[in-house]
Amino acid sequence: MSSKPIGIFDSGVGGTSIWKELKALLPFENTIYLADSKNAPYGNKSKEAILGLSIKNTELLIEKGCKIIVVACNTATTNAIKELREKYDVPFIGIEPAIKPAALKTQTKAIGILATKGTLTSELFHKTTDLYSNGIRVVEQEGEGIVPLIELGKIHSEEMHALLQLYIKPMIDANIDYLVLGCTHYPYLIPQLLNILPSNVNIIDSGEAVAKQTKTVLGQHNLLNSNAQKPKHLFYSNSETEILASLIGKDKDIHYLDF
Ligand code: DGL
(Lines give C-alpha, C1' and ligand atoms only; values in the text may rest on other atoms or scores of the structure.)
Protein backbone atom coordinates (compact mmCIF):
# COMPACT_ATOMS: atom_id res chain seq x y z
CA MET A 1 0.00 0.00 0.00
CA SER A 2 1.29 3.48 -0.81
CA SER A 3 -0.21 6.92 -0.42
CA LYS A 4 2.49 8.40 -2.67
CA PRO A 5 1.04 10.18 -5.70
CA ILE A 6 0.60 8.91 -9.24
CA GLY A 7 2.69 11.18 -11.51
CA ILE A 8 1.20 12.17 -14.86
CA PHE A 9 2.74 14.27 -17.61
CA ASP A 10 1.79 15.56 -21.03
CA SER A 11 3.07 18.14 -23.49
CA GLY A 12 0.26 20.32 -22.16
CA VAL A 13 -3.34 20.25 -21.02
CA GLY A 14 -4.49 17.21 -23.09
CA GLY A 15 -3.36 14.58 -20.58
CA THR A 16 -6.08 15.83 -18.24
CA SER A 17 -8.40 13.61 -20.32
CA ILE A 18 -6.38 10.71 -18.89
CA TRP A 19 -6.28 12.22 -15.40
CA LYS A 20 -10.11 12.24 -15.43
CA GLU A 21 -10.19 8.51 -16.25
CA LEU A 22 -7.63 7.77 -13.53
CA LYS A 23 -9.58 9.75 -10.95
CA ALA A 24 -12.80 7.90 -11.86
CA LEU A 25 -11.23 4.43 -11.60
CA LEU A 26 -8.85 5.08 -8.69
CA PRO A 27 -10.77 7.44 -6.39
CA PHE A 28 -8.38 7.12 -3.41
CA GLU A 29 -5.19 7.90 -5.29
CA ASN A 30 -3.27 11.16 -4.91
CA THR A 31 -2.01 12.61 -8.19
CA ILE A 32 0.49 15.15 -9.52
CA TYR A 33 -0.03 16.40 -13.08
CA LEU A 34 2.60 18.22 -15.15
CA ALA A 35 1.46 20.25 -18.17
CA ASP A 36 4.59 21.03 -20.18
CA SER A 37 2.62 23.62 -22.18
CA LYS A 38 5.69 25.84 -22.62
CA ASN A 39 7.11 23.15 -24.90
CA ALA A 40 3.87 22.16 -26.68
CA PRO A 41 3.41 20.80 -29.21
CA TYR A 42 5.73 17.80 -28.93
CA GLY A 43 4.31 16.35 -32.14
CA ASN A 44 6.63 18.19 -34.54
CA LYS A 45 9.80 17.70 -32.51
CA SER A 46 12.56 15.15 -33.12
CA LYS A 47 12.68 11.88 -31.18
CA GLU A 48 15.73 13.20 -29.28
CA ALA A 49 13.93 16.39 -28.28
CA ILE A 50 10.82 14.46 -27.15
CA LEU A 51 13.02 12.10 -25.12
CA GLY A 52 14.84 15.03 -23.49
CA LEU A 53 11.54 16.66 -22.47
CA SER A 54 10.17 13.34 -21.21
CA ILE A 55 13.28 12.84 -19.05
CA LYS A 56 12.91 16.36 -17.60
CA ASN A 57 9.25 15.71 -16.71
CA THR A 58 9.98 12.26 -15.30
CA GLU A 59 12.77 13.53 -13.06
CA LEU A 60 10.54 16.24 -11.62
CA LEU A 61 7.79 13.70 -10.86
CA ILE A 62 10.29 11.32 -9.24
CA GLU A 63 11.69 14.22 -7.20
CA LYS A 64 8.12 14.89 -6.02
CA GLY A 65 7.88 11.31 -4.75
CA CYS A 66 5.64 9.71 -7.39
CA LYS A 67 5.26 5.93 -7.14
CA ILE A 68 4.33 5.38 -10.80
CA ILE A 69 4.44 7.58 -13.89
CA VAL A 70 1.68 7.78 -16.46
CA VAL A 71 2.98 9.19 -19.73
CA ALA A 72 -0.34 10.77 -20.72
CA CYS A 73 0.91 11.64 -24.18
CA ASN A 74 0.94 9.37 -27.24
CA THR A 75 3.83 11.30 -28.76
CA ALA A 76 6.04 10.93 -25.67
CA THR A 77 5.05 7.28 -25.20
CA THR A 78 5.75 6.23 -28.78
CA ASN A 79 9.07 8.09 -28.87
CA ALA A 80 10.46 7.75 -25.36
CA ILE A 81 8.86 5.11 -23.11
CA LYS A 82 11.37 2.38 -23.94
CA GLU A 83 14.27 4.62 -22.90
CA LEU A 84 12.43 5.87 -19.79
CA ARG A 85 11.80 2.31 -18.63
CA GLU A 86 15.47 1.47 -19.13
CA LYS A 87 16.65 4.56 -17.25
CA TYR A 88 14.38 4.65 -14.17
CA ASP A 89 13.19 2.05 -11.64
CA VAL A 90 9.72 3.51 -11.22
CA PRO A 91 6.96 1.75 -13.23
CA PHE A 92 5.68 3.58 -16.34
CA ILE A 93 2.29 3.43 -18.02
CA GLY A 94 2.14 4.65 -21.60
CA ILE A 95 -0.59 5.47 -24.06
CA GLU A 96 -0.75 4.41 -27.69
CA PRO A 97 -3.45 4.82 -30.35
CA ALA A 98 -6.09 2.07 -29.92
CA ILE A 99 -5.53 0.47 -33.31
CA LYS A 100 -6.12 -3.09 -32.10
CA PRO A 101 -9.76 -2.72 -30.91
CA ALA A 102 -10.65 -0.62 -33.97
CA ALA A 103 -9.07 -3.15 -36.35
CA LEU A 104 -10.83 -6.03 -34.63
CA LYS A 105 -14.25 -4.38 -34.67
CA THR A 106 -14.40 -2.65 -38.07
CA GLN A 107 -17.11 -3.90 -40.41
CA THR A 108 -16.19 -1.63 -43.33
CA LYS A 109 -12.55 -2.76 -43.13
CA ALA A 110 -11.42 0.84 -42.95
CA ILE A 111 -10.33 2.79 -39.86
CA GLY A 112 -9.06 6.32 -39.40
CA ILE A 113 -6.27 7.45 -37.08
CA LEU A 114 -5.82 11.05 -36.08
CA ALA A 115 -2.52 11.61 -34.27
CA THR A 116 0.55 13.83 -34.24
CA LYS A 117 3.39 13.54 -36.72
CA GLY A 118 5.64 12.33 -33.89
CA THR A 119 3.30 9.44 -33.13
CA LEU A 120 2.57 8.49 -36.75
CA THR A 121 6.26 8.38 -37.66
CA SER A 122 7.38 6.45 -34.57
CA GLU A 123 8.70 2.90 -34.68
CA LEU A 124 6.27 1.75 -31.99
CA PHE A 125 3.28 3.02 -33.97
CA HIS A 126 4.46 1.24 -37.14
CA LYS A 127 4.98 -2.00 -35.23
CA THR A 128 1.45 -1.94 -33.77
CA THR A 129 -0.14 -0.95 -37.08
CA ASP A 130 1.68 -3.71 -38.97
CA LEU A 131 0.57 -6.23 -36.36
CA TYR A 132 -3.17 -5.48 -36.52
CA SER A 133 -3.93 -3.90 -39.87
CA ASN A 134 -3.86 -6.99 -42.04
CA GLY A 135 -6.64 -6.67 -44.65
CA ILE A 136 -7.72 -3.32 -43.24
CA ARG A 137 -7.31 0.11 -44.76
CA VAL A 138 -5.76 2.46 -42.22
CA VAL A 139 -6.24 6.14 -43.07
CA GLU A 140 -3.58 8.04 -41.12
CA GLN A 141 -3.94 11.77 -40.63
CA GLU A 142 -1.59 14.19 -38.86
CA GLY A 143 -3.52 16.56 -36.64
CA GLU A 144 -1.21 19.46 -37.48
CA GLY A 145 -2.33 22.62 -35.66
CA ILE A 146 -4.91 21.01 -33.36
CA VAL A 147 -2.81 20.83 -30.19
CA PRO A 148 -1.68 24.50 -30.40
CA LEU A 149 -5.33 25.60 -30.74
CA ILE A 150 -6.35 23.55 -27.69
CA GLU A 151 -3.41 24.97 -25.74
CA LEU A 152 -4.76 28.45 -26.61
CA GLY A 153 -8.23 27.50 -25.37
CA LYS A 154 -9.64 27.60 -28.91
CA ILE A 155 -11.48 24.28 -28.79
CA HIS A 156 -14.72 25.69 -30.17
CA SER A 157 -13.20 28.12 -32.68
CA GLU A 158 -13.85 28.45 -36.41
CA GLU A 159 -10.21 27.52 -37.07
CA MET A 160 -10.66 24.26 -35.17
CA HIS A 161 -13.82 23.40 -37.02
CA ALA A 162 -12.13 24.02 -40.39
CA LEU A 163 -9.14 21.83 -39.44
CA LEU A 164 -11.35 18.98 -38.28
CA GLN A 165 -13.44 19.12 -41.46
CA LEU A 166 -10.28 19.01 -43.55
CA TYR A 167 -8.72 16.10 -41.64
CA ILE A 168 -11.84 13.97 -41.37
CA LYS A 169 -13.02 14.27 -44.98
CA PRO A 170 -10.55 11.71 -46.46
CA MET A 171 -11.57 9.28 -43.73
CA ILE A 172 -15.26 9.68 -44.54
CA ASP A 173 -14.41 9.21 -48.23
CA ALA A 174 -12.60 5.97 -47.31
CA ASN A 175 -15.77 4.74 -45.54
CA ILE A 176 -14.21 4.30 -42.09
CA ASP A 177 -16.44 3.06 -39.27
CA TYR A 178 -13.88 3.60 -36.47
CA LEU A 179 -11.93 6.75 -35.74
CA VAL A 180 -9.00 6.28 -33.37
CA LEU A 181 -7.97 9.35 -31.40
CA GLY A 182 -4.20 9.04 -31.08
CA CYS A 183 -3.52 12.11 -28.97
CA THR A 184 -4.69 12.83 -25.44
CA HIS A 185 -5.76 16.36 -26.40
CA TYR A 186 -8.32 15.05 -28.88
CA PRO A 187 -11.02 13.61 -26.56
CA TYR A 188 -11.94 17.25 -25.90
CA LEU A 189 -13.01 17.43 -29.56
CA ILE A 190 -15.40 14.46 -29.48
CA PRO A 191 -18.64 16.54 -29.55
CA GLN A 192 -17.43 18.38 -32.66
CA LEU A 193 -16.16 15.22 -34.31
CA LEU A 194 -19.52 13.54 -33.77
CA ASN A 195 -21.15 16.42 -35.64
CA ILE A 196 -18.82 15.97 -38.60
CA LEU A 197 -18.74 12.17 -38.79
CA PRO A 198 -21.52 10.01 -40.26
CA SER A 199 -23.56 8.33 -37.53
CA ASN A 200 -22.11 4.84 -38.18
CA VAL A 201 -18.60 5.96 -37.18
CA ASN A 202 -17.44 5.10 -33.66
CA ILE A 203 -14.75 7.10 -31.88
CA ILE A 204 -12.19 5.24 -29.78
CA ASP A 205 -9.59 6.63 -27.44
CA SER A 206 -7.30 4.85 -25.00
CA GLY A 207 -8.11 6.74 -21.78
CA GLU A 208 -10.10 4.04 -20.01
CA ALA A 209 -7.61 1.33 -20.98
CA VAL A 210 -4.76 3.42 -19.54
CA ALA A 211 -6.60 3.84 -16.23
CA LYS A 212 -7.27 0.08 -16.05
CA GLN A 213 -3.65 -0.71 -16.83
CA THR A 214 -2.50 1.75 -14.15
CA LYS A 215 -4.71 0.01 -11.59
CA THR A 216 -3.37 -3.42 -12.61
CA VAL A 217 0.27 -2.35 -12.40
CA LEU A 218 -0.22 -0.58 -9.05
CA GLY A 219 -1.80 -3.78 -7.75
CA GLN A 220 1.06 -5.92 -9.06
CA HIS A 221 3.58 -3.69 -7.26
CA ASN A 222 1.48 -3.54 -4.10
CA LEU A 223 1.22 0.22 -4.54
CA LEU A 224 -2.54 0.82 -4.46
CA ASN A 225 -3.66 3.36 -1.87
CA SER A 226 -6.38 1.81 0.25
CA ASN A 227 -6.54 4.84 2.54
CA ALA A 228 -10.04 6.15 1.83
CA GLN A 229 -9.28 9.77 2.73
CA LYS A 230 -10.01 12.62 0.36
CA PRO A 231 -7.12 12.47 -2.15
CA LYS A 232 -4.91 15.40 -3.10
CA HIS A 233 -4.60 16.41 -6.75
CA LEU A 234 -1.84 18.83 -7.64
CA PHE A 235 -1.42 20.40 -11.06
CA TYR A 236 1.65 22.23 -12.36
CA SER A 237 1.87 24.16 -15.61
CA ASN A 238 4.89 26.01 -16.98
CA SER A 239 2.59 28.32 -18.97
CA GLU A 240 -0.69 30.13 -18.37
CA THR A 241 -2.83 28.13 -15.95
CA GLU A 242 -6.25 29.39 -17.16
CA ILE A 243 -6.64 26.85 -19.97
CA LEU A 244 -5.88 24.01 -17.57
CA ALA A 245 -8.47 25.40 -15.14
CA SER A 246 -11.07 25.63 -17.91
CA LEU A 247 -10.69 21.89 -18.58
CA ILE A 248 -10.52 20.51 -15.04
CA GLY A 249 -12.34 23.16 -13.00
CA LYS A 250 -11.26 26.41 -11.40
CA ASP A 251 -11.53 24.88 -7.90
CA LYS A 252 -8.48 22.66 -8.52
CA ASP A 253 -5.05 23.10 -6.95
CA ILE A 254 -3.21 24.54 -9.98
CA HIS A 255 0.23 26.15 -9.76
CA TYR A 256 2.58 27.85 -12.17
CA LEU A 257 6.04 26.21 -12.04
CA ASP A 258 8.99 26.92 -14.28
CA PHE A 259 10.16 23.43 -15.19
N1 DGL B 1 -1.19 15.07 -25.90
C2 DGL B 1 -0.10 14.80 -26.80
C3 DGL B 1 -0.25 13.42 -27.41
O4 DGL B 1 -1.00 12.60 -26.90
C5 DGL B 1 0.03 15.93 -27.76
C6 DGL B 1 1.31 15.92 -28.50
C7 DGL B 1 1.81 17.27 -28.92
O8 DGL B 1 2.11 18.07 -28.04
O9 DGL B 1 1.95 17.48 -30.12
O10 DGL B 1 0.37 13.08 -28.39
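Counting starts at 1 for both ligands and their atoms, in listed order.
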Sub-4.0 Å heavy-atom environment of ligand 1, residues by chain:
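Within 4.0 Å of ligand 1, protein side: Asp10, Ser11, Pro41, Tyr42, Gly43, Cys73, Asn74, Thr75, Thr116, Val147, Cys183, Thr184, His185.
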Answer yes or no for Lys64 and Tyr236: cation-pi contact, defined as NZ/CZ to six-membered ring centre under 6.0 Å and angle to ring axis within 45°.
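Judged by the rule (NZ or CZ under 6.0 Å from the ring centre, within 45° of its axis), Lys64 counts as positioned above Tyr236.
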For Glu96, is there any backbone N or O sitting under 3.5 Å from a side-chain donor or acceptor partner on Ser206?
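Checked: pair present.
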Will you find, in the side chains of Thr106 and Asp177, an N or O donor that is under 3.5 Å from an N or O acceptor?
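Yes, a side-chain donor-acceptor pair sits under 3.5 Å.
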Distance alone, cut at 3.5 Å: any donor-acceptor contact between the side chains of Asp36 and Tyr42?
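There is such a pair between these side chains.
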Which residues pass the side chain to side chain donor-acceptor pair (under 3.5 Å) test with Glu83, not counting sequence neighbours?
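Glu83: side chain to side chain donor-acceptor pair (under 3.5 Å) contacts with Lys47.
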Any salt bridge linking Glu29 with Lys215? Criterion: basic side-chain nitrogen under 4.0 Å from a carboxylate oxygen.
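No.
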